[in-house]
Each structure stands twice: as C-alpha cells, then as structure tokens.
Amino acid sequence: MPEPVIRTRGLTRDFPSVRAVDDLSVEVPAGTVFGFLGPNGSGKTTTIRMLLGLIEPTGGRATVFGFDTRRESDQIRCRSGALLEHPGLYDRLSAEENLEFYARVWRLEAAERERRIPELLAHFGLWERRRELPADWSRGMKQKLAVARALLHRPALLFLDEPTAGLDPVAAAALREELADLAAREGVTVFLTTHNLAEAEKLCGQVAVIRAGKLLAVGHPDELRASGAPRVEIAGRGFSQDVLASLRARPEVAGAEVANGRLVIELEGEASTAPLISLLVHAGVEIEDVRRGKATLEEVFLTLMEEEQCSPTSGP
C-alpha cells in the first residue's frame with residue numbers, strides 16, 4: 001500500500017487559553033480530495049499550519065511526504081500549494097501579472113511560465129480577463145485566481161482552507177467542479193477544510209470530522225452516512241400529530257418528523273417499512289411517494305456534534 005501523503009500521530013497544539021488540536025491521528029492517502037470537517041473554531045486552520053510547519057505542535061508528530069513537520073518543513077512547503085485565509089493577490093497587478101510574479105517566486109523557467117500561466121487561466125475561465133485588475137473582480141473570480149496561484153508550481157499536495165466561504169451558490173459550485181477536475185487531471189492530493197457538508201459530500205473521497213480539536217470520525221462519506229440511522233421519506237398529505245404519535249410508538253421506529261412537507265421516519269436497524277405504510281394508509285394518509293435511504297452527511301455530522309457535546313468527557 002502506498003505511503004500516506006499526510007500522517008499524524010497524537011498531534012496536539014495548545015494555546016494559552018485553549019487546546020486547539022487534541023491528540024489528532026489521521027492518514028491522508030495520495031490522490032484523494034480529503035475533507036477536514038468541523039464547525040468554526042474546531043482546529044482546522046491550526047492543523048493546516050502545523051502540517052505546513054508554520055507553527056510547531058505542542059505534542060505528537062506529523063509527517064508530510066515522509067518529512068517531519070518540525071525539522072523538514074522547507075521540504076514540505078516546496079512540494080505543497082496553499083490557499084489559507086487570504087487569497088494572496090496584488091490588486092495593482094493584472095491577473096496575468098499576479099501569476100507571473102508568483103511563478104518567478106517559485107523560480108519557474110520562462111518556457112514553463114509561458115505554458116503554465118495560460119493553462120491555468122484558461123482552465124478557470126479567466127483567460128479573456130487576464131489583463132484586468134482582480135481588485136475589480138467578484139469574490140468568486142478572485143478565489144479562482146488564488147487557487148490558480150497555489151497550483152502554479154504543480155504541487156503534489158494542495159491545502160485549501162474554506163475555499164468557497166462567502167461565495168454565492170453558483171460560484172461555489174463552479175469552483176468545486178474545477179477543483180475536482182484538477183485533482184483528477186493532475187493527480188493532486190487536496191486537503192480541504194470546510195463546514196459545508198454538501199460540498200464535502202460531493203467533492204471528497206475521504207472525510208474526517210473534528211470538533212474542539214478532537215477527531216470524531218473518519219472514512220468515505222458513504223461509510224459515515226451508513227453509520228446513521230436508515231430512514232424512509234414519504235411525500236403525501238395527512239401527517240397529523242396523531243399519525244406521528246402512532247409511528248413513534250412502534251418499536252422499529254427511532255423517530256418521526258415532518259420536514260419540508262415530507263414525513264421522515266428513522267428506523268431501528270433494517271426494519272421493514274411495509275407495516276408502517278399500512279399504518280399510514282389505515283390512518284387516512286394520502287401517500288404519493290416512498291423513498292428508503294440513509295442519513296445525509298450533514299445529519300451524521302450534526303449527530304456527531306451532539307454526541308460529543310453530551311459526552312461526559314467533553315468540555316463546557
């Protein structure tokens with residue numbers, strides 16, 4: 001099995017008033033989009049900074065490409081691209097000049113600059129606007145240029161910290177699609193932090209869920225979804241409180257709620273839905289559609305957050 005691109009063992013980082021990352025052990029395989037999920041303040045950005053060697057851990061260790069983050073961070077950074085809190089663009093330079101500047105910082109040869117800059121601008125749909133100042137652009141266009149800037153030197157690993165935060169839905173969807181295409185086309189491993197669960201579900205081959213610095217779960221999105229309760233969604237009319245009470249009294253039902261006009265029934269295990277449909281029909285419910293499935297990644301995430309908050313070892 002190939003060596004993981006990133007490996008942490010008991011990685012911990014303390015600040016004067018808080019433990020930002022708490023005993024984190026995780027592995028990131030090569031060539032995947034790895035989602036690092038958690039609410040704001042959960043330790044996601046601090047983890048990236050430790051992996052890049054920008055700050056040192058208080059305890060534990062981490063390696064990236066086999067290089068130790070404490071002693072060999074220069075080797076890590078020259079093989080990585082990063083887009084953290086700020087896009088790192090110069091407003092007085094055109095889009096093309098921004099990339100030319102950073103290409104020279106990375107010491108790309110002139111022939112490589114001439115190939116790589118047009119290639120990235122074209123991929124992100126910015127070629128026709130290459131001579132414009134990004135100061136006049138929308139946030140979505142600036143973010144595309146910032147990702148192109150991070151990819152200039154063909155890094156094997158790309159760190160993206162909330163890349164679609166603040167973007168409108170159309171711009172966010174476009175950026176997600178372009179990131180997925182780039183990861184597949186160039187074989188880049190992407191370490192993506194986000195609290196957008198729909199984004200992670202569509203984009204990531206593996207995800208890790210973190211809260212208050214602690215790792216709660218890790219795996220493929222489908223694996224995490226499978227850990228949630230099986231469910232049935234029913235479209236129709238007549239979902240009265242009496243009907244809900246009758247459902248909740250059944251031993252095979254873990255919960256029943258009406259959400260967005262649909263009846264959602266959470267099941268205990270792989271219970272049969274036939275008796276529940278019969279109950280609804282006899283209660284006078286008009287059924288239009290029945291779908292059986294699993295919890296969404298967002299629902300699993302919220303459940304993990306609630307379980308951690310209720311844990312006796314959790315902080316206040």
Side-chain angles (χ1 to χ4, degrees), residues 5 28-35 48 52 65 76-194 196 198-205:
V5 172
V28 177
T32 191
V33 179
F34 186 89
I48 285 184
L52 285 169
F65 305 113
I76 294 169
R77 287 192 293 271
C78 75
R79 291 166 171 79
S80 303
L83 174 55
L84 303 184
E85 297 98 326
H86 305 291
L89 303 175
Y90 291 96
D91 288 343
R92 294 185 180 183
L93 298 179
S94 69
E96 192 173 35
E97 289 168 341
N98 264 280
L99 296 189
E100 177 72 21
F101 170 79
Y102 280 106
R104 289 174 180 270
V105 169
W106 283 109
R107 299 181 180 178
L108 299 187
E109 297 290 340
E112 174 64 4
R113 295 199 304 271
E114 290 174 6
R115 286 192 300 267
R116 186 61 168 165
I117 292 172
E119 175 186 27
L120 287 170
L121 288 171
H123 178 85
F124 284 106
L126 301 174
W127 176 250
E128 298 299 325
R129 307 185 69 168
R130 63 191 182 278
R131 295 190 174 91
E132 296 179 12
L133 300 181
D136 302 324
W137 285 2
S138 68
R139 181 178 171 85
M141 289 179 62
K142 288 180 181 179
Q143 201 73 336
K144 287 183 179 185
L145 184 60
V147 175
R149 184 263 303 163
L151 287 165
L152 264 173
H153 58 300
R154 301 184 189 276
L157 173 62
L158 181 62
F159 289 99
L160 297 175
D161 193 8
E162 304 280 3
T164 60
L167 301 188
D168 65 72
V170 173
L175 184 55
R176 280 196 301 269
E177 186 176 330
E178 285 151 353
L179 287 173
D181 179 62
L182 272 170
R185 185 160 55 89
E186 299 197 3
V188 180
T189 302
V190 179
F191 189 95
L192 170 76
T193 76
T194 183
N196 185 325
E199 178 173 274
E201 196 160 9
K202 293 174 182 175
L203 192 57
C204 299

CG-CZ distance between Asp181 and Phe124, expressed to the nearest 0.5 angstrom: 9.0 Å
Leu89 side, atom CG; Arg149 side, atom CZ - distance, nearest 0.5 Å: 6.5 Å
Distance, nearest 0.5 Å, that separates OG1 of Thr189 from CG of Leu157: 6.0 Å
Min side-chain heavy-atom separation Leu126-Trp137 under 4.5 Å: yes
From Glu177 atom CD to Lys202 atom NZ, the distance as rounded to the nearest 0.5 Å: 11.0 Å
Over 12 foreign heavy atoms within 6.0 Å of CD, Glu119: yes
Atom of Phe65, atom of Ser80 and distance for their closest heavy-atom approach: CE1-OG, 3.8 Å
Shortest non-hydrogen separation from Pro163 to Gln143 and the atoms involved: O-NE2, 2.6 Å
Contacts of Glu114 that satisfy side-chain hydrogen bond (donor to acceptor under 3.5 Å, both in side chains) - sequence neighbours left out: none
Least distance between heavy atoms, Leu133 atom then Ser94 atom: CD2-N, 3.7 Å
Arg107, CZ atom: more than 12 neighbouring heavy atoms under 6.0 Å: no
For Leu83, the option from Leu151, Leu160, Leu158 that meets side chain to side chain contact (heavy atoms under 4.5 Å, CB included): Leu160
More than 12 heavy atoms of other groups within 6.0 Å of Lys142 NZ: yes
Side chains of Val147 and Glu178 in contact at under 4.5 Å (non-hydrogen atoms): no
Arg113 versus Leu108, closest heavy-atom pair with distance: NH1-O, 2.8 Å
Taking every non-hydrogen atom, the tightest pair across Leu52 and Ala82: CD1-CB, 4.0 Å
Flag side-chain contact, heavy atom, 4.5 Å: Glu96 against Ile117: yes
Option passing side chain to side chain contact (heavy atoms under 4.5 Å, CB included) with Asp161 (candidates Leu192, Ile48, Thr194): Ile48
Check: Leu99 and Leu145 side chains under 4.5 Å, non-hydrogen atoms: yes
Distance in Å, His123 NE2 paired with Arg185 CZ, rounded so as to fall on 0.5 Å steps: 5.0 Å
Glu85, CD: over 12 other non-hydrogen atoms inside 6.0 angstrom: yes
Nearest-0.5 Å distance, CD of residue Glu112 to NE2 of residue His153: 11.5 Å
Nearest atoms (heavy-atom pairs only) where Pro134 meets Tyr90: CG-O, 4.0 Å
